[in-house]
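What follows is a single structure, written as structure tokens, with notes after it.
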Amino acid sequence: MPDYKDRIADLKKRQNAVILAHYYQDAEIQSVADWIGDSLQLASKAQESHADVILIAGVRFMAETAKLLNPHKIVLAPTLDASCSLVEQSPPEEYQRFISDHPDHEVVSYINSSLEVKAMSDIVCTSSNAEDIIRRIPKERSILFGPDKNLGRWLAERTGRNIITWNGQCDVHDAFDAVQISRAKELDPTAVVLAHPECAKSVLGVSDVIGSTSQLLRYVAEHSQGRFIVATEVGILIEMQRAAPTANLTPAPPKHITECACSECPHMKRNTLDLVYQALESLQPRIDIEQGLLERARAPILRMFAEQ
Ligand code: 13P
Ligand code: SF4
């Protein structure tokens, strides 16, 4: 196998490129990244970047967000096929009908959505800032939230707001199972169950700490002697273990236990070092967005940053 790491390092210099990777990328890809973060951190880093070329090792909506924030830069994705179940479950025409059926609502859309869905939204949020964004909406204003029903329901419970929610789910987080997690906890009673709010209500009900990827990571770093059962994509365990070398980390079991009992996002795992190398060398595939769509999809993201 070619030594991709050295070659990627050379290409980064030659192209004045930066690699931003999501926590759910595998260890090899994380090792060539200049920055690793959650959705909000990747968007912020893309916004601050001085590089000419930004490669997003994550899924397509993350690369699209980087392009919205850097319309004049080259934004690359190792593959354009890395989608997201939430994007796939929210076809723009149906989402538009959902909005039209509920006039006079504030439309809050999760960053895990297509450009078209963003373009028809008033504001975008990530799991790290969703609660703050909802709390800032005037009390008298009704709210529509999509595409993640689990996150929407959790936000409604947290904030006491009446939120009408689109019926989508992350297939990875929705696959964790409360019964299996409770059994794992019985076998390890001091373990703290950490869960992402994209998990089902029953899973959040047996969890001790609920938060976005970076919030869960921070919790582990602050409790470095702890034992944890982690109900989110298994890639985050790499950064958790780096932040807390003495912590004991176990991936939460999904409904259908696989050999490693770990949950991997198949979209995130489409990226490989080979594809990263090829993208940096050829400066393809690029994210290109038609100007009108770009402006409409960018507005709710800029509002998200303005309201943080
Ligand atoms: P965060 O990165 O905001 O925690 O979201 C998790 C996720 O599923 C990203 O696709
Ligand atoms: Fe989408 Fe879920 Fe994969 Fe995140 S983990 S990219 S929400 S399918």
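Order of listing sets the numbers, starting from 1, for every ligand and every atom in it.
Inspection of the Tyr4 and Glu28 side chains reveals no N or O donor paired with an N or O acceptor under 3.5 Å. Side-chain contact annotation: Asp38 with Tyr23, donor-acceptor N/O pair under 3.5 Å absent. No side-chain N or O of Ser39 forms a donor-acceptor pair with one of Thr126 less than 3.5 Å apart. In the model, Ser109 has a side-chain atom that pairs as donor or acceptor with a side-chain atom of Tyr95 under 3.5 Å. For the residue pair Asp171 and Gln169, a side-chain donor N or O sits within less than 3.5 Å of a side-chain acceptor on the partner.
In this structure, the side chain of Ser49 does not engage the main chain of Ala46 through any donor-acceptor pair within 3.5 Å. Side-chain N or O atoms of Arg270 include one that pairs as donor or acceptor with a backbone N or O of Asp81 at under 3.5 Å.
In the vicinity of Met62, heavy-atom distances shorter than 4.0 Å reach the ligand 1 atoms 9 (C), 10 (O). Ligand-side atoms of ligand 1 in range of Asn112: 7 (C), 8 (O), 9 (C), 10 (O), range being under 4.0 angstrom from any heavy atom. Close contacts of ligand 1 with Tyr110, meaning ligand atoms under 4.0 Å from a residue heavy atom, involve 5 (O).
Considering both main-chain and side-chain atoms, His22 comes within under 3.5 Å of ligand 1 through a nitrogen or oxygen pair. For the pair Glu198 and ligand 1, the shortest N or O to N or O distance falls below 3.5 Å. Checking only distances, Ser39 does come within under 3.5 Å of ligand 1, N or O to N or O. Taking any N or O of Thr213, backbone or side chain, at least one lies under 3.5 Å from an N or O belonging to ligand 1.
Using a non-hydrogen distance threshold of 4.0 Å, Glu233 does not register as a contact of ligand 1. Heavy-atom separations between Glu198 and ligand 2 include at least one value shorter than 4.0 Å. Using a non-hydrogen distance threshold of 4.0 Å, Tyr24 registers as a contact of ligand 1. At least one heavy atom of His196 sits under 4.0 Å from some atom of ligand 1. The shell of residues lying under 4.0 angstrom from ligand 1, judged by heavy atoms, excludes Gln41.
Protein heavy atom in closest approach to atom 3 (Fe) of ligand 2: Cys265 SG, 2.4 Å. Of the protein's heavy atoms, Cys84 SG, 2.4 Å lies nearest to atom 1 (Fe) of ligand 2. What sits closest to atom 2 (Fe) of ligand 2 on the protein, heavy atoms only, is Cys170 SG, 2.3 Å. Remark: minimum distance from atom 4 (Fe) of ligand 2 to any protein heavy atom is reached at Asn112 ND2, 4.0 Å.
Taking the six-membered ring for Trp and thresholds of 30 and 60 degrees, His102 and His105 have ring planes more than 60 degrees apart, a perpendicular arrangement. Using cut-offs of 30° and 60° for the angle between ring planes, the His173 and Tyr24 rings count as tilted.
Looking at Ser212, Gly58, Ser127, it is Ser127 that brings a heavy atom closest to atom 3 (O) of ligand 1.
The environment of CG in Asp101 is crowded: more than 12 heavy-atom neighbours from other residues, nucleotides or ligands sit within 6.0 Å.
Counting heavy atoms closer than 4.0 Å to ligand 1, residue Leu40 contributes nothing at all.
Screening Lys139, Arg303, Arg136, Arg161 for a salt bridge (Lys or Arg N to Asp or Glu O under 4.0 Å) involving Glu106 leaves a single residue, Arg303.
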